[in-house]
Amino acid sequence: MKLKPDLGAMPRYMSPENDAAILAQALSETVRGQAEQFLSDGFVVIKEAVPPGLCDAAVTAFRKLEIDNPQIFQPARLGSSRYPRIVNLHLVLPQFRDLFELNVQALELQDFLFGDEACVYTSLFFEHGSEQSLHRDTPYFCTRPEYRYFGMWVALEAVDDDNGPLMVAPRGHRLPDPDRQALARAFLPPDEATPQFSEPLWNAYQQDVSDACDAAGLTRQTVRLNKGDTIVWHPQLPHGGRAIRDYDRTRLSVVFHCIPKDTPVYKLDAFLNPNQAFPTEMNWPYQSGETRAFVRHAHVTFDVHFHHRPAEFKGF
Ligand SMILES: O=C(O)CCC(=O)C(=O)O
Ligand SMILES: [Fe+2]
């Protein structure tokens, strides 16, 4: 028997008509102010969310890991002076987990909006700006029920116009999705199952989002941050990385992809089939931190190229 998707379980922050009721339930003025900004613009910047010393400790730990593990880090530069984005370094660096666990206001906000405890699904570390074009994260973090995902991005050093800052399209989180099934049909032969990932499908969806932002007259805003500032974004917020003007500069930053505990995460297979039922609970293995849970993935990964089990890292 085909299960019906539980559309009634759509998170309340997906519908603007719920905003006033959500804000009325905020437990403190601080959370209310942040939630208000988040609901109206699709993101909120929390200034000095973690002390600069915590950011320095994370960078120092990363540099030590690099020195202790040349066999892992040198090939990962792929012949260039740059690493690709590094996935899940928090598995081997407790200082990275601190950036999440001690980010008190960002966690309070997420717990409040989820109505549940936020945990880390995956993380990315960037040594340099990503220069990633405008996109929504939802095709890559498609939960069931849908949209139970937030991005939480921590600046480990100052980010300005020159080192590839984030850009966001404020209020773009409210633009409706295109007909996702039609999009899949346009690209896939009939009866072919939607793959988890496909670059042409990803690009077609993101192009639709970008065009919709233009049609609605939404601008791309640069987000300039100081060390320790943290931005939390809505699952549907269009965002990306601006061009790097000064290639000599780093843009050290960590982004956590956050979900409520035990939430399954799918990719395009579920995102482009919103009416298809998928299991709505997942018994992830967790690595417990001091206070929060982190999904225990098997590998630290350099983009999609190199995979290393945590036990391969010396000094870990
Ligand atoms: O850090 C960036 O430049 C973009 C990161 C991003 O888009 C993400 O992690 O979802
Ligand atoms: Fe993203």
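Quick note: numbers below take in every heavy atom, side chains included, and nothing from hydrogens, waters or symmetry partners. Not measured: the values here are computed from a predicted model.
- Taking OG of Ser253 as the reference point, atom CG of Leu166 lies at 7.5 Å (rounded to 0.5 Å).
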**Request:** Before giving the answer on side chain to side chain contact (heavy atoms under 4.5 Å, CB included), spell out for Phe114 and Phe150 the whole-Å C-alpha distance, their side-chain angles and the decisive distance to 0.1 Å.
**Result:** CA-CA 9 Å; Phe114 279 146; Phe150 298 140; 3.3 Å; yes

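- Few gaps surround CZ on Arg82; more than 12 heavy atoms of other groups in view lie less than 6.0 Å from it.
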Sequence neighbours left out, cut at 3.5 Å: what donor-acceptor pairs do the side chains of residues 185-202 make with other protein atoms?
| residue | atom | partner | partner atom | Å |
| --- | --- | --- | --- | --- |
| Thr194 | OG1 | Asn273 | ND2 | 2.9 |
| Ser198 | OG | Leu201 | N | 3.1 |

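- With no hydrogens or angles considered, a side-chain donor-acceptor pair links Asp137 and His239 at under 3.5 Å.
- The neighbour count for Glu17 CD, taken as heavy atoms of other residues, nucleotides or ligands under 6.0 Å away, is above 12.
- Looking only at atom types and distance, the side chain of Arg242 has a donor-acceptor partner in the side chain of Thr222 under 3.5 Å away.
- Inspection of the Gln206 and Ser133 side chains reveals no N or O donor paired with an N or O acceptor under 3.5 Å.
- In the hydrophobic clustering (ILVMFWY side chains linked at under 4.5 Å, chained through shared members), Leu218 is joined by Leu175.
- Side chain to side chain, Asn103 and Thr230 meet the donor-acceptor criterion of an N or O pair below 3.5 Å.
- Here His234 and Tyr13 bring their ring centres to under 6.0 angstrom of each other.
- Taking the centre and axis of the six-membered ring of Phe126, the NZ or CZ atom of Arg251 falls inside the cone set by 45° and 6.0 Å.
- At distances below 3.5 Å, at least one donor-acceptor pair connects side-chain atoms of Asp269 with backbone N or O atoms of Lys267.
- For the 3.5 Å distance criterion, the side chains of Arg220 and Ser210 qualify, holding a donor opposite an acceptor.
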**Message:** Evaluate Glu127 against Arg77 for salt bridge (Lys or Arg N to Asp or Glu O under 4.0 Å), listing each step before the verdict.
**Reply:** CA-CA 11 Å; Glu127 190 185 28; Arg77 287 202 185 265; 3.4 Å; yes

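- Tyr286 and Arg296 share no side-chain donor-acceptor pair at under 3.5 Å.
- The closest side-chain donor-acceptor pair between Gln207 and Asp211 falls under 3.5 angstrom.
- At a cut-off of 3.5 Å, with distance as the only test, a side-chain donor of Gln25 or Arg12 sits close to an acceptor on the other residue.
- Using a cutoff of 4.0 Å between basic side-chain nitrogens and carboxylate oxygens, Arg249 and Asp160 are scored as salt-bridged.
- Residue Ala169 comes nearest to Cys213 through the heavy atom pair CB-SG, 4.1 Å, listed as atom of the first residue, atom of the second, then distance.
- Between Lys227 and Asp56, at least one side-chain nitrogen of the basic residue sits less than 4.0 Å from a carboxylate oxygen of the acidic one, meeting the salt-bridge criterion.
- In this structure, a donor-acceptor pair under 3.5 Å is absent between the side chains of Gln105 and Thr30.
- One finds no salt bridge joining Lys261 and Asp116 here, because no Lys/Arg side-chain nitrogen approaches an Asp/Glu carboxylate oxygen to under 4.0 Å.
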**Request:** Would you please test Val265 and Tyr149 for side chain to side chain contact (heavy atoms under 4.5 Å, CB included) and show each step?
**Result:** CA-CA 9 Å; Val265 183; Tyr149 157 84; over 6 Å; no

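- Cation-pi contact between Arg180 and Phe271: present, with separation from the ring centre below 6.0 Å and deviation from the ring axis of at most 45°.
- Aromatic ring centres of His297 and Tyr121 lie closer together than 6.0 Å.
- Ser123 and His90 share a side-chain donor-acceptor pair at under 3.5 Å.
- Side chains of Glu101 and Thr291: a donor-acceptor N/O pair is present below 3.5 angstrom, by distance only.
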